[in-house]
Amino acid sequence: MRMDDAGVLRKLQLQELEEIRNDAYESSKIYKERTKAFHDKIISLKEFVVEQKVLLFHSRLKLFPDKLRSWWVVPFIVVKVYAHGAVDIESPKTGKSFKVNAHRLKPFYEGFQSTDIDVMALEPPPVVT
(Lines give C-alpha, C1' and ligand atoms only; values in the text may rest on other atoms or scores of the structure.)
Protein backbone atom coordinates (compact mmCIF):
# COMPACT_ATOMS: atom_id res chain seq x y z
CA MET A 1 0.00 0.00 0.00
CA ARG A 2 1.03 3.54 -0.59
CA MET A 3 1.44 5.87 2.34
CA ASP A 4 -1.00 8.46 0.93
CA ASP A 5 -3.81 5.91 0.58
CA ALA A 6 -3.15 4.53 4.06
CA GLY A 7 -3.24 8.06 5.53
CA VAL A 8 -6.55 8.85 3.83
CA LEU A 9 -8.03 5.54 5.03
CA ARG A 10 -6.87 6.21 8.61
CA LYS A 11 -8.41 9.72 8.54
CA LEU A 12 -11.74 8.23 7.41
CA GLN A 13 -11.62 5.68 10.22
CA LEU A 14 -10.92 8.40 12.78
CA GLN A 15 -13.82 10.49 11.47
CA GLU A 16 -16.19 7.50 11.68
CA LEU A 17 -15.01 6.82 15.24
CA GLU A 18 -15.64 10.47 16.15
CA GLU A 19 -19.18 10.27 14.69
CA ILE A 20 -19.91 7.10 16.70
CA ARG A 21 -18.62 8.81 19.86
CA ASN A 22 -20.84 11.86 19.23
CA ASP A 23 -23.88 9.62 18.67
CA ALA A 24 -23.19 7.78 21.94
CA TYR A 25 -22.84 11.11 23.75
CA GLU A 26 -26.17 12.37 22.37
CA SER A 27 -27.89 9.08 23.27
CA SER A 28 -26.64 9.23 26.85
CA LYS A 29 -27.71 12.87 27.10
CA ILE A 30 -31.23 12.03 25.90
CA TYR A 31 -31.40 9.07 28.31
CA LYS A 32 -30.36 11.25 31.27
CA GLU A 33 -32.92 13.92 30.38
CA ARG A 34 -35.73 11.35 30.15
CA THR A 35 -34.72 9.70 33.42
CA LYS A 36 -34.58 13.06 35.19
CA ALA A 37 -38.00 14.05 33.83
CA PHE A 38 -39.49 10.74 35.01
CA HIS A 39 -37.91 11.09 38.45
CA ASP A 40 -38.99 14.72 38.86
CA LYS A 41 -42.55 13.82 37.89
CA ILE A 42 -42.75 11.31 40.76
CA ILE A 43 -41.35 13.62 43.44
CA SER A 44 -44.05 15.24 45.53
CA LEU A 45 -43.34 18.75 46.74
CA LYS A 46 -43.80 19.28 50.45
CA GLU A 47 -45.23 22.60 51.52
CA PHE A 48 -45.46 23.43 55.18
CA VAL A 49 -47.63 26.06 56.86
CA VAL A 50 -47.38 27.64 60.30
CA GLU A 51 -49.00 25.62 63.13
CA GLN A 52 -48.85 22.40 61.08
CA LYS A 53 -47.69 19.23 62.84
CA VAL A 54 -44.68 17.53 61.25
CA LEU A 55 -42.43 14.51 61.82
CA LEU A 56 -38.65 15.01 62.02
CA PHE A 57 -36.24 12.45 60.58
CA HIS A 58 -33.99 11.20 63.39
CA SER A 59 -30.55 10.82 61.81
CA ARG A 60 -28.21 10.41 64.78
CA LEU A 61 -25.55 7.80 64.22
CA LYS A 62 -25.76 4.97 66.72
CA LEU A 63 -23.44 2.04 67.08
CA PHE A 64 -26.26 -0.45 67.62
CA PRO A 65 -29.36 0.90 65.87
CA ASP A 66 -32.70 -0.60 66.79
CA LYS A 67 -34.21 -2.41 63.84
CA LEU A 68 -37.82 -1.75 64.77
CA ARG A 69 -37.36 1.80 66.04
CA SER A 70 -39.00 4.48 63.94
CA TRP A 71 -36.67 6.96 62.24
CA TRP A 72 -39.32 9.69 62.59
CA VAL A 73 -39.66 11.69 65.81
CA VAL A 74 -43.23 12.83 66.54
CA PRO A 75 -44.65 15.53 66.48
CA PHE A 76 -43.25 19.02 66.11
CA ILE A 77 -45.11 22.22 65.27
CA VAL A 78 -44.02 24.51 62.44
CA VAL A 79 -43.24 28.01 63.72
CA LYS A 80 -41.85 29.69 60.59
CA VAL A 81 -41.22 28.69 56.97
CA TYR A 82 -38.35 30.30 55.07
CA ALA A 83 -38.24 30.76 51.28
CA HIS A 84 -34.95 28.88 50.85
CA GLY A 85 -36.23 25.56 52.27
CA ALA A 86 -35.52 25.91 55.98
CA VAL A 87 -38.24 25.53 58.59
CA ASP A 88 -38.35 26.58 62.24
CA ILE A 89 -40.01 23.88 64.34
CA GLU A 90 -40.92 23.75 68.01
CA SER A 91 -41.25 20.79 70.34
CA PRO A 92 -44.57 20.90 72.21
CA LYS A 93 -43.08 18.88 75.09
CA THR A 94 -40.01 21.02 75.82
CA GLY A 95 -40.94 24.28 74.08
CA LYS A 96 -37.54 24.48 72.35
CA SER A 97 -37.48 25.67 68.77
CA PHE A 98 -34.79 25.11 66.15
CA LYS A 99 -34.22 25.41 62.42
CA VAL A 100 -34.09 22.31 60.17
CA ASN A 101 -34.00 21.57 56.47
CA ALA A 102 -37.43 20.88 55.00
CA HIS A 103 -36.14 17.64 53.44
CA ARG A 104 -35.92 16.18 56.95
CA LEU A 105 -39.63 16.79 57.62
CA LYS A 106 -42.85 15.15 56.55
CA PRO A 107 -46.45 16.04 57.40
CA PHE A 108 -47.96 14.39 60.47
CA TYR A 109 -51.45 13.03 59.88
CA GLU A 110 -53.50 12.50 62.98
CA GLY A 111 -55.99 9.68 63.10
CA PHE A 112 -59.05 10.30 60.97
CA GLN A 113 -62.34 10.26 62.85
CA SER A 114 -65.23 8.66 61.04
CA THR A 115 -68.65 9.86 62.11
CA ASP A 116 -70.76 7.57 59.94
CA ILE A 117 -70.31 4.15 61.47
CA ASP A 118 -72.81 1.42 60.67
CA VAL A 119 -73.19 -1.30 63.26
CA MET A 120 -74.35 -4.71 62.11
CA ALA A 121 -75.40 -7.37 64.57
CA LEU A 122 -74.11 -10.79 63.63
CA GLU A 123 -76.17 -13.82 64.45
CA PRO A 124 -74.76 -17.30 64.76
CA PRO A 125 -75.56 -19.57 61.82
CA PRO A 126 -78.54 -21.91 62.29
CA VAL A 127 -77.69 -25.43 63.34
CA VAL A 128 -78.80 -28.01 60.77
CA THR A 129 -79.81 -31.39 62.18
Side-chain angles (χ1 to χ4, degrees):
M1 284 185 89
R2 294 183 308 201
M3 293 298 280
D4 294 335
D5 293 339
V8 170
L9 179 65
R10 184 64 180 155
K11 285 182 183 178
L12 286 174
Q13 289 175 343
L14 288 174
Q15 288 176 353
E16 288 177 7
L17 188 62
E18 185 70 21
E19 287 179 14
I20 291 171
R21 189 189 71 77
N22 287 339
D23 290 342
Y25 176 77
E26 287 296 323
S27 296
S28 69
K29 187 176 178 182
I30 291 169
Y31 171 76
K32 287 178 183 178
E33 288 173 356
R34 286 183 181 171
T35 306
K36 183 179 181 340
F38 177 75
H39 178 72
D40 290 346
K41 184 172 61 173
I42 292 174
I43 292 176
S44 61
L45 298 176
K46 295 184 273 186
E47 295 181 8
F48 300 106
V49 294
V50 177
E51 298 295 322
Q52 179 183 6
K53 289 187 178 181
V54 294
L55 302 175
L56 174 65
F57 184 73
H58 183 67
S59 61
R60 282 193 209 162
L61 177 65
K62 292 197 171 191
L63 295 176
F64 302 104
D66 301 326
K67 282 187 177 181
L68 301 177
R69 184 177 61 90
S70 175
W71 287 100
W72 297 95
V73 182
V74 287
F76 289 92
I77 298 173
V78 175
V79 176
K80 186 175 181 182
V81 180
Y82 296 97
H84 53 80
V87 177
D88 275 341
I89 59 174
E90 180 180 284
S91 172
K93 293 179 183 176
T94 62
K96 294 182 180 179
S97 66
F98 49 95
K99 189 182 294 188
V100 295
N101 192 337
H103 293 290
R104 296 182 60 205
L105 298 175
K106 73 178 180 179
F108 176 71
Y109 298 108
E110 297 187 41
F112 296 105
Q113 299 295 326
S114 178
T115 56
D116 299 330
I117 298 175
D118 294 334
V119 177
M120 290 182 58
L122 299 177
E123 298 176 5
V127 179
V128 179
T129 57

Arg10 side, atom CZ; Leu12 side, atom CG - distance, nearest 0.5 Å: 11.0 Å
Shared hydrophobic cluster for Val73 and Val54 (ILVMFWY, side-chain gaps under 4.5 Å): yes
Exceeds 12 heavy-atom contacts within 6.0 angstrom, atom CD of Glu47: no
Transitive ILVMFWY side-chain link Phe98 to Leu105, under 4.5 Å: yes
Straight-line distance of Ser28 OG to Glu33 CD, nearest 0.5 Å: 9.5 Å
Ile77/Glu51 under side-chain contact (heavy atoms from CB on, under 4.5 Å): CA gap, chis, key distance, verdict: CA-CA 6 Å; Ile77 298 173; Glu51 298 295 322; 4.1 Å; yes
Atom pair OH (Tyr82) and CG (Asn101), whose distance is rounded to the nearest 0.5 Å: 13.0 Å
Closest heavy-atom pair and its distance - Pro75, Pro92: O-CD, 3.3 Å
Exam field: side chain Lys99 to backbone Ala86, donor-acceptor pair closer than 3.5 Å: no
Flag side-chain contact, heavy atom, 4.5 Å: Leu56 against Arg104: yes
Presence of salt bridge, Glu26 and Lys29, under 4.0 angstrom: no
Closest non-hydrogen atom pair between Gly95 and Glu90, with its separation: O-CG, 3.9 Å
Gln15 CD to Ile20 CD1 distance, which is reported to the nearest 0.5 Å: 12.5 Å
Nearest-0.5 Å distance that lies between atom CG in Leu14 and atom CG in Leu9: 9.5 Å
Partner of Leu55 by side-chain contact (heavy atoms from CB on, under 4.5 Å), out of Phe108, Phe76, Tyr109: Phe108
From NZ (Lys106) to CZ (Phe57), nearest 0.5 Å: 9.5 Å
Considering all heavy atoms, the nearest Lys46-Ala102 contact: NZ-O, 3.7 Å
Identified side-chain contact (heavy atoms from CB on, under 4.5 Å) partner of Val78 from the options Val87, Asp88, Val49: Val87
